[in-house]
Amino acid sequence: MTLLIIFACIAIQVYLTVKKVSPYLSLLLVAIMAGLLLGMEPSALVKSIEKGVGSTLAGLVWIIFLGGGLGKILEVSGAAEQISGTLIQKFGKKYVQWAVLLTGFMIGIPLYYNAGFVILVPLIFSLARRTGLSILYLAIPMAASLSTTHCFLPPHPGPVVLVNAFGADMGKTLVYGLVAAVPAVILAGPILGNLLKHIQVKDNPLFGQTDTTVFDKLPAALPSFVIALMPVILISIGVLADRFLDVDHTLRAILLFTGNSTIALLLSVLIALYYFGVRNGVDMKIQMKWLSDSVSAISTILLIITAGGVFKQVLEDSGTGAYIASFSDDLSMPPLIFAWTITALLRMTIGSATVAGLTAAGIVLPLISSTGVSPELLALSVGAGSVFGSHINDSGFWMFKEFFNLNLKQTFLSWSLMEITISVSGLMAILLMDKFLI
């Protein structure tokens, strides 16, 4: 009955979206319906909704607004145009997908998915306009590289948590993760993007054509790249400081502060305003209009993402995760496939990759001692399962849909299919390593 209720709620959400009901309204209604049908007390349901709003906004609101602001500044200053032009010049239009893939891969290792996503979105639109290529042709490799690092590669927080939970070796996990990530990101990135290039997507007004005539010429390439990557640089330095400096070192505390995603984006926005605005004599009112335009365009997107987070939280608090976990007693299969299956089921029902991975970790941990399975490969199997089948109960699904102006069908055919490709191809690589390398 639990699964029937979940499937029914998903079907209702799809129906309401097709009928053009605003997603943030329909998601909230479906979340309330799901909680009541799954047996939650009304008071507990209200608390779950509040918790879902708080937990989603706490990790996203400043990242999305500041990231959108940085993207807007890069766009109106001509920096995004300069970056895209440089990438096209160096890689050529034929290989621009690979340039996007490598950029996303480098950015994705130190950054959470959401932060890397909002940093790269304006670059995707700029490249699409410069080359005339399909948005999805470029967006899919970017999203695939970010998602792959999220589930496979330490020192990204997700894999690190799993490594610690299973007592795995960090170095081995990184090497095995790279072996699994490379084919996954190629299949889910350039290859899938090429298959989807026929899908027509409208330009996003937030990153649309903008008058840049306030500048005599485009900014230089080096500062454009440096400021665009400033959040990545600051966060990466913070990661290194956390690893190599003493706990009581003053510099460590400073670098960890500036390496926080929100602080790094705030500093980057301030630097961008100075370099592209103040330094060029742009009136402060105009600079603030850049930021206000980005905020107004992103606010609806944030509401939709938050509603998706509420749906996820209600499913989690209703005990759906525990219900799926109970299946583990009835399934008999190889440990790596078992770990992937349990995590994938949790991911599809709960919506959160992180919660699915952590829940599955507690379920499959005994397999290490009982079967002798490699803890490194077990961690990667859970990571691969945690990105499977993303759909309407995942805030990442709605972020991709709204930023790239997709309809529901296009999002399933692009984002959801990309996540499935990463998950399945990653599992195949893990099973091959288990058979031939370990």
To the nearest 0.5 Å, tell me how far [X] [atom1] sits from [Y] [atom2].
| X | Y | atom1 | atom2 | answer |
| --- | --- | --- | --- | --- |
| Leu234 | Leu255 | CG | CG | 9.0 Å |
| Met348 | Glu419 | CE | CD | 13.0 Å |
| Ile263 | Leu256 | CD1 | CG | 12.0 Å |

Derivation and outcome, side-chain contact (heavy atoms from CB on, under 4.5 Å), residues Tyr176 and Ile430: CA-CA 8 Å; Tyr176 298 159; Ile430 291 164; over 6 Å; no
Side-chain donor/acceptor pairs under 3.5 Å, residues 27-41, sequence neighbours excluded:
none

Are the side chains of [X] and [Y] in touch, meaning some heavy atoms are under 4.5 Å apart?
| X | Y | result |
| --- | --- | --- |
| Ile140 | Ser414 | yes |
| Val185 | Phe152 | no |
| Leu196 | Ser134 | no |
| Leu251 | Leu245 | yes |
| Leu336 | Leu367 | no |
| Leu138 | Met142 | no |
| Lys72 | Leu291 | no |
| Asn194 | Lys197 | yes |

Phe412: ring pair (Phe, Tyr, Trp, His ring centres under 6.0 Å) partners, not counting sequence neighbours: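 Testing Phe412 for ring pair (Phe, Tyr, Trp, His ring centres under 6.0 Å), a comparison that skips the adjacent residues, returns Phe397.
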Derivation of the side-chain contact (heavy atoms from CB on, under 4.5 Å) call for Leu187 and Leu192: CA-CA 6 Å; Leu187 285 171; Leu192 180 60; over 6 Å; no
Pairs flagged by side chain to side chain donor-acceptor pair (under 3.5 Å) wherever residues 238-252 is involved - sequence neighbours left out: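 Listed by first then second residue: Asp242-Arg252.
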Note: Arg347-Asp394 ion pair, threshold 4.0 Å (strictly below):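 Yes, charged N to carboxylate O under 4.0 Å.
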Which donor-acceptor pairs under 3.5 Å do the side chains of residues 378-389 make with protein atoms, sequence neighbours left out?
{"unit_1": "Ser381", "atom_1": "OG", "unit_2": "Leu377", "atom_2": "O", "d": "3.0"}
{"unit_1": "Ser386", "atom_1": "OG", "unit_2": "Gly383", "atom_2": "O", "d": "2.6"}

Stepwise side-chain contact (heavy atoms from CB on, under 4.5 Å) check, Val424 with Thr421: CA-CA 5 Å; Val424 174; Thr421 303; over 6 Å; no
N/O donor-acceptor pairs under 3.5 Å from side chains in residues 159-173, not counting sequence neighbours:
{"unit_1": "Asn164", "atom_1": "ND2", "unit_2": "Val160", "atom_2": "O", "d": "3.3"}
{"unit_1": "Asp169", "atom_1": "OD2", "unit_2": "Gly171", "atom_2": "N", "d": "3.0"}
{"unit_1": "Asp169", "atom_1": "OD2", "unit_2": "Lys172", "atom_2": "N", "d": "2.7"}
{"unit_1": "Thr173", "atom_1": "OG1", "unit_2": "Asp169", "atom_2": "O", "d": "2.7"}

Derivation and outcome, side-chain contact (heavy atoms from CB on, under 4.5 Å), residues Asp317 and Leu45: CA-CA 8 Å; Asp317 292 345; Leu45 177 57; over 6 Å; no
Pairs flagged by salt bridge (charged side-chain N to carboxylate O under 4.0 Å, His left out) wherever residues 27-39 is involved - sequence neighbours left out: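 For residues 27-39, and leaving out neighbouring residues, there are no salt bridge (charged side-chain N to carboxylate O under 4.0 Å, His left out) pairs at all.
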Check: Ser145 main-chain N/O paired with Thr148 side-chain donor or acceptor under 3.5 Å: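 No, the answer is negative, given that no donor and acceptor are paired below the 3.5 Å cut-off.
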Trp415, Tyr137, Phe117 screened by ring-ring contact (aromatic ring centres under 6.0 Å, His included) with Phe404, the one that passes: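 Of the listed options, the one satisfying the test is Phe117.
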Side-chain donor-acceptor contact under 3.5 Å, Thr411 with Trp398: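 Their side chains do not contain a donor-acceptor pair, so the 3.5 Å distance test is not met.
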